[in-house]
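I have placed the structure first, in the form of C-alpha cells, so that the comments after it can refer back to it.
Both counts, for ligands and for their atoms, begin at 1 and track the order of listing. We're numbering straight along the sequence, starting at 1. Computation of the quantities below employed the complete heavy-atom set of this structure, encompassing side-chain atoms and omitting hydrogens, waters and symmetry-equivalent molecules.
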Amino acid sequence: MALVSRRTVIGTGLSLAALGGIGYGFWPRMDGYRKEVARQRQLLSADPELTDLVRMATLAANGHNTQPWRFRLEDQRISILPDLTRRTEVVDPDDHHLYVSLGCAAENLALAAAAAGRAAEIAVEDEDETRIDINLAAAAPVAGTLYEAIPLRQSTRSLYDGQPVSAEDMRLLEAAAKEDGVSVQLITNVGKRDEIIDFVIAGNSAQMDDPAFVQELRDWLRFSPSRAVAEGDGLFSACAGNPVAPDWIGGYLFDAFFQKEAENQKYVDQIRSSAGIAVFVADQADPEHWIKVGRSFERFALQATALGIRNAHLNQPTEALSVRLAFAAWLGMPEARPDLVIRFGRAPTMPMSLRRPVNEVIV
Ligand SMILES: Cc1cc2nc3c(=O)[nH]c(=O)nc-3n(C[C@H](O)[C@H](O)[C@H](O)COP(=O)(O)O)c2cc1C
C-alpha cells in the first residue's frame, strides 16, 4: 500500500522540484552528461565544414527537444526538411511547433554560416513538403553576439529574480525579434503580465486533464543522465530543476508528483518572478509563417542570452483551441493565431540540454 495517498500529495502542493535534493550526490552521476554537453556546445573551429554548421543549427530551441529536422547538404546549399516521425501529435496536431522549431534551426544555421564566411539566404520552398533552403555564398566572416550566444542559449525553467529589464535591453530584444510578417508584444506591465496567468492555467489544466497529453509528454522525458546521453533528445529532468533518477524510479516519481494544482502554482510563481512576457503572433497561420516565428524567436532568445537574460516557454494559451481563441481576443487580435508565449528575466543558468549526433540528422 502507498505510504502517501495521491490526495495527500496534492494537498501538500509538492512538485517534482521539491524532490531535487535526492537527485544529486548519490545514484546517477552527471559527469558523463556534463562532458557530452561541453563537447556539443562549442563555437565553430577554424575552417568549419557544412556538418559543423548543422551542429550549430541543432543547438536551436525545439518543441519537447524532439529535434524534428533532417538536413540535406549540397555544395552551396543546406536544406532543412521536417522529420515527421518526430511529430508530437497531441500537443501539436497541426505541426505548428514543428515548423517553428525548423525556423529556429534555420536562424542558428544562418548565423553560424555568416561567422564561417558564408552569407546565407533563407528561402522557404513548398513542393511535396515544406522545406527551408539556405543558400550559401562566399563573404567576409561576421561573428556577432548572436552567433556567440548559440552554445549558451537555453530554456531556463526556473524562478527568475523578479527585477525589471532595462529600457535599453528591452530595445535590443525588440530589435532582435524583428521579422516581416511577425509581431511581438513585450508585456512588462505587472497587471497585464498577471492577466496572462489565467490563460496559462486554463491551458495547462486542460492539458493535464488529457491522458494523451500526459502520456506524450512522459514519452519524451529522460530521468537518468545515461538515458539522456544515449538518446540525445527529449526533456532531461535536471534541465527543468527536477531530480535525476534511474529511469524506472523517475517514471514513478512523475506519476506520483506531476499534479495539476502543483504545476499550476509553479507557473503562477514563475510568471510573477519574470520581468515580462513576449507574445509572438504571425500575420498568417501556415508553415511559412511559423518558420518566420521560429527565426524571430531564436534571435530574441540569443539576444537575451547575450545580455544575461533567460527565457522559457509558456505556450499553453496557444495550444488548447478554446483558450487560444480567448487569448487572441485578449491580445486585441481576435482573428490571429497567437504563436508563442515566452517569459523572460534574470536567473542563474540551469543544466544544458543535449542533441543527437549530427550524422543522425543528415540525409
Ligand atoms: C515551438 C516550441 C515550443 C516549445 N514549447 C515549450 C513548452 O510549452 N514548455 C517548455 O517548457 N518548453 C517549451 N519549448 C522549449 C523546448 O522544450 C526546448 O527548446 C528544448 O527542450 C531544448 O532545450 P533548450 O532550449 O534548453 O536547448 C518549446 C520550444 C519551441 C521551439
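In this structure, CE on Met170 lies 4.0 Å from CZ on Phe344, to the nearest 0.5 angstrom.
With a 4.0 Å heavy-atom cut-off, ligand 1 is reached by the side chain of Ser353 but not by its N, CA, C or O. Residue-level proximity to ligand 1 for Gln270 is absent, since no heavy atom of it falls below 4.0 angstrom. Residue Gln316 does not touch ligand 1, judged by heavy-atom distances below 4.0 Å. Counting heavy atoms closer than 4.0 Å to ligand 1, residue Leu235 contributes side-chain atoms (C-beta onward) but none from N, CA, C or O. The proximity of Arg355 to ligand 1, defined as any non-hydrogen pair under 4.0 Å, is limited to the side chain. The proximity of Val100 to ligand 1, defined as any non-hydrogen pair under 4.0 Å, is limited to the side chain.
No donor-acceptor distance shorter than 3.5 angstrom exists from the side chain of Thr305 to the backbone of Leu152, with no hydrogens or angles considered. Proximity of a side-chain donor or acceptor of Asp161 to a complementary backbone N or O of Ala347 within less than 3.5 Å is not detected.
Both the sub-6.0 Å distance and the 45° axial angle are not jointly satisfied by Arg218 relative to the ring of Phe254.
Set against the non-hydrogen atoms of His64, the atoms of ligand 1 under 4.0 Å away are 17 (O). Contact atoms of ligand 1 toward Ser155: 15 (C), 18 (C), 19 (O), 24 (P), 25 (O), 26 (O) (distance under 4.0 Å to a heavy atom of the residue).
Remark: among candidates Glu319, His313, His97, the nearest residue to atom 30 (C) of ligand 1 is His313, based on non-hydrogen atoms.
Under a 4.0 Å heavy-atom criterion, Arg41 is in contact with ligand 1.
The residue from Val363, Leu81, Leu109 that alone fulfils the side-chain contact (heavy atoms from CB on, under 4.5 Å) condition with Phe71 is Leu109. No option in Val124, Val100, Leu340 other than Val100 meets the side-chain contact (heavy atoms from CB on, under 4.5 Å) test with Trp290.
Scanning both residues, Phe236 and Ser224, for their nearest heavy atoms gives CE1-C, 3.6 Å.
Checking only distances, Asn62 does come within under 3.5 Å of ligand 1, N or O to N or O.
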